Amino acid sequence: MTETLPPRTSDLPAKWNPGEVEGGMYQRWVERGYFEADPSSDRPPYCIAIPPPNVTGSLHLGHAMDHTLIDILTRRRRMQGYDTLWLPGMDHAGIATQSVVERRLADAGEPTRRELGREEFVRRVWEWKAESGGAILGQMKRLGDGVDWSRERFTLDEGLSRAVQTVFKRMFDDGLIYRAERLVNWSPALQSAISDIEVDHKEVEGELVSMRYGDGDAEIVVATTRVETMLGDTGVAVHPDDERYAHLVGRTVRMPITGRDIPVVADPYVDPEFGSGAVKITPAHDPNDFEMGRRHGLPMPTIMDESGRITGTGTRFDGMDRFAAREAVREELRAQGRIVAEKRPYVHSVGHDSRTGVVIEPRLSLQWFVRVEALAKAAGDAVRNGDTTIHPADMSARFFDWVDNMHDWCISRQLWWGHRIPVWYGPDGETVCVGPDEEPPTGEGWARDEDVLDTWFSSGLWPFSTLGWPDKTEDLERYYPTSALVTGYDILFFWVVRMMMFGTYAMGATPFRHVYLHGLIRDEHGRKMSKSKGNVIDPLELIDAYGADALRFTIARGSNPGTDMSLSDEWVAASRNFTTKLWNATRFAIANGADAAAGLPATESLTDADRWILGRLHQVRQQTDALLEDFQFAKATEGLFHFTWDELCDWYIELAKPQLADPASTTAANTRAVLGHVLDALLRLLHPIVPFVTEALWTGLTGGESVVVAAWPTDAGLAADPAATERVLAVQRLITEVRRFRTEQGLPDRRSVAAKLGGLEAAGLAGHERAVRFLTRLDEPGDDFAPTATVEIGNTHVEIDTSGAIDVAAERARLGRDLAAAQKELDAAEKKLGNPKFTEKAPANVVDGIRARREAAAADIARVTARLEALPSS
RNA sequence: GGGCGCGUAGCUCAGCGGGAGAGCACUCGGCUUACACCCGAGCGGUCGCAGGUUCGAACCCUGCCGCGCCCA
C-alpha cells in the first residue's frame with residue numbers, strides 16, 4: 001500500500017496564490033545572489049543591457065514585454081551554465097523629466113524654474129528622480145526581472161557622466177562634433193531644438209495663398225501655406241530656364257507691408273510647373289529656403305521668438321502668435337489687393353513635435369551637431385558583415401535605409417536637466433572643449449555653454465558606459481560586446497542605431513551580436529493603447545489580478561517576431577488558467593509519488609504511454625531550444641503549452657492513473673519515475689517564462705534549492721519509439737470515438753455501460769484495454785450482456801450494451817456524418833490519382849500517401865455503410 | 001510621393017507548395033478523488049478579389065481593393 005511510496009509528501013497548498021508568494025520568492029532570489037554576474041568565473045559570459053526606462057515614467061506593457069523576453073533569454077542562459085549579466089538601469093529623460101518637475105512646481109504653487117535658478121531647480125529634479133525611479137524598480141521586482149541589482153546604473157550618475165564627457169571630448173577633437181548656425185526643428189512648446197526623428201510629419205488641412213509682390217512690370221506671384229513668413233522674405237526665386245520670368249532675374253521687387261526691395265534670383269531648385277513657378281524665400285524659417293538663401297547670399301532675418309511669436313519685423317504684427325499673424329497678415333494683404341488666389345482646405349504635410357504635438361517652427365540657431373556620415377557607415381557595416389544580426393531579418397531593410405541616408409544629428413537641447421555641454425567660451429571668442437580630467441578655463445569673461453545634450457546621446461553609450469567605460473574594467477573586458485539587445489522596433493533609429501554608432505566609434509566593436517526587435521502591445525482589437533482612447537492597461541493591475549507569471553506567459557505566447565500583439569484581460573486570464581493547470585498536475589504527481597530522483601527505468605520495462613510521453617518530451621525540449629535560440633518566443637511558448645495541457649495532462653496523466661492503481665507494482669514505480677522525470681524537465685523548460693510558479697512546483701517536486709540555478713534540460717538519451725507512439729495515438733482515437741458515441745447517445749458519464757472490446761489483440765493494443773475502459777467508463781460485460789450498438793475504429797471495434805434501444809436517429813446522424821467525410825476524402829483522393837500527370841510528376845511518397853488515404857477512406861465507407869444498413873429502420 | 005508589411009473560424013493570431021489549425025468566444029453534456037481558473041463532445045472558414053505559374057496554390061508571380069507602419 002502506501003508504505004511503498006516515497007516518504008516525501010506534498011506540502012504545496014491546494015491553490016497557487018501568486019500574490020502571497022511572489023514577493024518573498026523574488027526577495028530570496030536576490031538575497032542568494034542568483035542574479036549577480038561573476039566576471040572571475042570560468043563560465044562563458046552572456047550579457048544583456050536593459051533598455052533603460054525613463055526615470056520619470058512608469059513601466060507600461062511595452063516595458064513588460066522587453067523585460068519578459070530578456071528575462072527568458074537570461075534565465076535560460078543562467079540555467080545553461082553561462083555567467084549571466086542582465087544589467088539594469090534608467091535614463092534621465094531630459095525633456096520629459098524637466099517638464100514633469102516644472103508642472104509639479106506649478107501645481108504646488110512654487111516658484112518657476114527660472115525663479116529657482118539652475119542649481120536649485122536641478123536639485124529639485126534629483127528629488128523627483130529618487131521618488132519616480134524607486135517606483136520603477138518596484139515594478140521590475142514585481143515582474144520578476146532577474147537583473148543584477150549590484151550593477152544598476154543611471155545615465156546621469158557619476159560614471160556615465162564621465163563617459164559622456166569623454167566621448168564628447170574625443171569626438172570634438174576628431175571633428176565629429178561641431179557647432180553651427182543651422183535651421184533646426186524648434187519646438188515652441190519645449191522652447192528647445194529637437195532632432196529630426198523627434199518630428200512627426202502629418203497631413204493637415206491648411207491653406208495655399210497666392211499673393212502678388214512688386215508692381216507694374218516688376219511684379220511676381222508667389223504662393224505659400226504660411227503667409228506670416230512673408231515678413232521674413234529676402235528674395236524670390238524662379239527657375240533659370242523659365243522664360244516667363246527671365247526679364248525679372250537680377251532685378252528687385254517691392255514687398256507689400258514691409259516695403260523692402262528683395263531680389264529675384266534664378267535657382268534650379270524651383271519647380272516651374274508648380275503654382276506660378278516662382279517661390280518666396282524665407283531663409284530663416286524654411287529648410288529649402290535656407291539652402292537657397294545660402295546659395296544666393298541673402299540676408300536671414302529671424303522673425304519669430306522662441307515661443308513662436310512674431311518679433312523684430314518693425315510691423316504691427318510683432319508680438320502676435322504665428323497662427324494669429326497668419327490670418328492678420330493675410331487680411332492685410334487682401335485689403336491691399338495683393339491676394340491673387342486662395343486654396344482652402346489645402347492638405348499638406350506639416351512637422352509636429354512628437355512629444356507635445358505642436359507644429360514645429362524651423363528656426364535658425366546655433367546648435368551642436370554630430371557629423372554622422374562615418375559613424376552611420378560603420379553601424380551599417382556592422383550589420384552588413386554579420387557582427388550584429390537583426391531579428392527578424394526583414395527589419396534590416398529599414399535599418400539600412402536609415403543609416404544610409406542619415407542627416408547630421410542635432411544634440412544640443414535648451415534644457416537644464418541633462419549632461420551640460422563641456423565647452424567654455426572665452427572673452428575673445430575662444431572655444432574650449434574640456435575633457436573629464438581637465439580643468440575648465442577660469443577668469444574674467446569665460447562662460448560655459450548653457451545647453452545640455454540630447455538624452456539619446458548618453459543612452460547611446462549605454463552598452464559600454466554601464467560596464468565602466470572609459471575605464472578598462474573587468475566587466476567591460478568580459479561582457480562587451482553584449483550578447484543581445486531586446487527592444488521595440490519603434491526605437492530602432494532613436495536608440496539602436498545610435499548605440500551602434502557610438503559602440504563602433506568608442507569601442508571599435510558593435511555593442512551587441514543580436515538585436516531582437518519586438519512589436520508593440522495593442523489592445524484586444526489591435527488598437528494602439530493611448531490615454532486618450534482610455535484603453536491603456538497597467539501591467540501591475542494584471543499582475544495583481546492574475547500573477548506575474550500569467551502576464552509573462554501571455555506576452556511570451558503572443559510575441560511573434562516583428563509583429564504587434566493584442567492583449568486583454570481575457571488573454572491574461574487564460575494564461576493564469578495555464579499556471580493553475582500546471583499547479584494541479586504537479587500536485588497530483590507529487591501526491592502520487594512522482595519521483596524525479598529515481599532515474600529513468602530501462603526502456604524495455606516502460607509502457608507505451610511512458611515511452612510516448614518521454615519521446616514527446618525529447619522532441620519538445622529540442623524544439624524549445626531551437627526556437628529560443630532563434631528568438632521565436634511565441635512558438636516556443638505555444639509548444640510548451642500544448643505539450644503540458646494537451647499531451648501531458650489530457651493523456652499521459654490520465655493513462656498513468658490505471659498504471660498507478662497498484663502502488664506496489666513495477667509499473668507504478670516506473671510511472672512515478674517517468675512522471676517525476678517529465679515534470680522535472682518541463683518545469684525547468686518553463687521556468688524562464690513563468691519563474692514563480694515553476695519555482696514553487698520544482699522545489700516541491702525535487703526538494704532542490706531553486707530552479708533558478710537548476711541545470712537547463714539536455715538530451716536524456718531517449719530513443720524515440722515510433723511504434724509505441726503509433727499505438728498511443730491509436731488508443732487516443734479509439735477512446736475519442738467511444739466518447740463521441742456516448743455523447744451522441746446521451747449516455748451520461750456516470751452511467752455504467754457494459755462493453756466488449758474486439759480486435760485489440762490484432763491491432764497490437766491488447767495491453768491497453770484497461771486504459772480504454774478507464775477513460776471511456778466502459779464496464780466488463782456481465783452475464784446479461786446484450787450489445788445494442790457497435791463502434792468501429794480502424795480494425796478494432798467496441799460492442800456496447802446501452803441497456804435498451806439506442807437512439808437510432810442520433811446514430812444514423814453520426815454515421816451519416818462519418819460517411820460524408822469519408823466520401824469526400826475518397827473523392828479527393830481518386831480525383832488526384834485519376835490524373836496521370838499527378839502520378840507521373842508528384843514525388844513517390846506523396847502519391848503513396850494519397851493511395852493510402854484512398855484505401856482508408858474506402859474501408860471506412862464500407863464499414864459505415866454496413867453499419868447504417870444494420871440499423872433498425874425507425 | 002518612396003519603401004515595408006498585413007488581409008485565414010465571431011475576436012486575436014499561427015500555418016507560407018501536397019490531408020484548413022490554436023487560444024478566446026459559442027452550443028450540448030458533466031461538480032467522474034489533480035484541476036469547474038475544470039473535464040468530455042461539438043458547431044464554425046469559396047484562406048480579401050481577379051488572373052497566372054504548377055500534376056497540385058491559403059502558401060509562388062502579376063494586377064486590383066481594403067488596412068497599417070516607416071520615410072520624405
Side-chain angles (χ1 to χ4, degrees), chain A residues 10 12 14-16 196-197 199-201 349 351 392 394-402 405 407 489-490 492-493 519-520 522-528 546-547 550 554 557-558 560 562-592 594 632 634-635 638-639 641-642 645-646 649-650 653-654 656-657 735-751 774-777 814 817 824-825 828-829 831-843 845-847 849-850 852-853 856-857:
Chain A
S10 166
L12 294 173
K15 213 169 165 355
W16 166 238
D196 292 347
I197 50 176
V199 177
D200 290 337
H201 294 270
S349 183
D394 316 353
M395 286 287 177
S396 305
R398 265 191 207 184
F399 171 85
F400 288 127
D401 187 54
W402 176 259
N405 300 291
H407 299 299
Y489 63 71
D490 53 327
L492 178 62
F493 308 141
L520 276 34
R522 295 169 176 276
D523 76 2
E524 61 198 302
H525 297 298
R527 296 172 309 184
K528 214 167 180 170
Y546 303 110
T554 307
R557 197 177 180 191
N560 279 301
T563 54
D564 295 348
M565 71 167 291
S566 289
L567 186 142
S568 78
D569 208 75
E570 286 176 2
W571 302 170
V572 185
S575 297
R576 183 273 318 271
N577 295 352
F578 173 76
T579 62
T580 306
K581 188 73 178 175
L582 189 64
W583 181 266
N584 287 319
T586 308
R587 248 173 37 93
F588 167 83
I590 293 173
N592 283 277
Q632 304 265 9
K635 290 186 180 66
E638 188 65 28
F641 174 88
H642 172 70
W645 203 310
D646 303 335
C649 291
D650 282 356
I653 287 182
E654 294 306 320
K657 284 174 182 173
I735 290 169
T736 300
E737 283 304 314
V738 174
R739 284 171 171 168
R740 189 173 160 225
F741 172 82
R742 288 191 60 130
T743 294
E744 298 191 359
Q745 284 299 313
L747 297 170
D749 291 346
R750 299 198 81 169
R751 169 132 166 240
F774 177 74
L775 293 177
T776 53
R777 294 172 190 280
R814 181 177 78 90
R817 278 197 300 276
K824 190 178 169 192
E825 173 79 358
K831 190 181 169 197
K832 285 198 173 188
L833 292 168
N835 179 354
K837 287 182 177 170
F838 172 71
T839 47
E840 278 165 28
K841 296 199 175 182
N845 63 323
V846 172
V847 177
I850 300 289
R853 284 168 55 192

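Keep in mind that this is a model prediction, so the values were computed, not measured. We name chains A, B, ... by the order of the sequence lines, and we start the count at 1 in each one.
In this structure, A:L520 places its CG atom 12 Å from C1' of B:C70, rounding to the nearest Å. As a whole-Å value, the separation of A:D401 CG from B:G5 P is 13 Å.
For the OP1/OP2 pair of B:G19 and a distance below 4.0 Å, the side-chain nitrogens and oxygens of A:R853 include at least one atom meeting the criterion. The side chain of A:S566 contributes an N or O atom lying less than 4.0 Å from OP1 or OP2 of B:C13. Side-chain N/O atoms of A:K657 include none lying less than 4.0 angstrom from OP1 or OP2 on B:U33. The side chain of A:R740 places an N or O atom within less than 4.0 Å of a non-bridging phosphate oxygen (OP1 or OP2) of B:G42. The phosphate of B:G15 (OP1 or OP2) has a side-chain N or O of A:K635 nearer than 4.0 angstrom. The side chain of A:W402 contributes no N or O atom lying less than 4.0 Å from OP1 or OP2 of B:C4. When the side-chain nitrogen and oxygen atoms of A:K841 are compared with OP1 and OP2 of B:G18, none of them lie within a distance under 4.0 Å.
Checking A:E570 against A:N577, the closest nucleotide of RNA chain B that is more toward the 5' end is the one next to A:E570.
Ion pairing between a basic and an acidic side chain is recognised when a charged N comes within 4.0 Å of a carboxylate O; A:E638 and A:K635 show no such pairing. Salt bridge A:E654/A:K657: present, at least one basic N to carboxylate O contact under 4.0 Å.
Between the base of B:C37 and the side chain of A:R576 there is a donor-acceptor pair shorter than 3.5 Å. Taking only distance into account, the side chain of A:E654 meets the base of B:A34 through a donor-acceptor pair shorter than 3.5 Å. Counting atom types as modelled, A:R739 pairs no side-chain N or O with a base atom of B:G40 as donor and acceptor under 3.5 Å.
Remark: the backbone N or O of A:S575 is not paired with any side-chain donor or acceptor of A:R557 at under 3.5 angstrom. Side-chain atoms of A:R814 do not come within 3.5 Å of backbone N or O of A:F741 as any donor-acceptor pair.
Pair assignment for B:A22 gives B:U12, based on Watson-Crick or G-U wobble hydrogen-bonding distances that are each under 3.5 Å. Nucleotide B:G17: unpaired (no Watson-Crick or G-U wobble partner with both distances less than 3.5 Å). Look at B:C49: its Watson-Crick or wobble partner, with both distances under 3.5 angstrom, is B:G63. With a cut-off of 3.5 Å on both pairing distances, the Watson-Crick or G-U wobble partner of B:C38 is B:G30.
Between A:F578 and A:F641, the ring planes lie tilted relative to each other; the angle falls in the 30° to 60° range.
Separating the C1' atom of B:G21 from that of B:C16 is a span of 14 Å, rounded to the nearest Å. For the P atoms, the distance from B:G63 to B:G5 is 14 Å, rounded to whole Å. Between B:G51 and B:G44, the distance separating the two C1' atoms is 30 Å to the nearest Å. With both ends at atom P, the span from B:C65 to B:G19 equals 34 Å, rounded to whole Å.
Candidate nucleotides B:A72, B:C39, B:C24 were compared by shortest atom distance to the side chain of A:H201, and B:A72 ranks first.
Between the CZ atom of A:R739 and the CG atom of A:L775 there is a distance of 5.5 Å, given to the nearest 0.5 Å.
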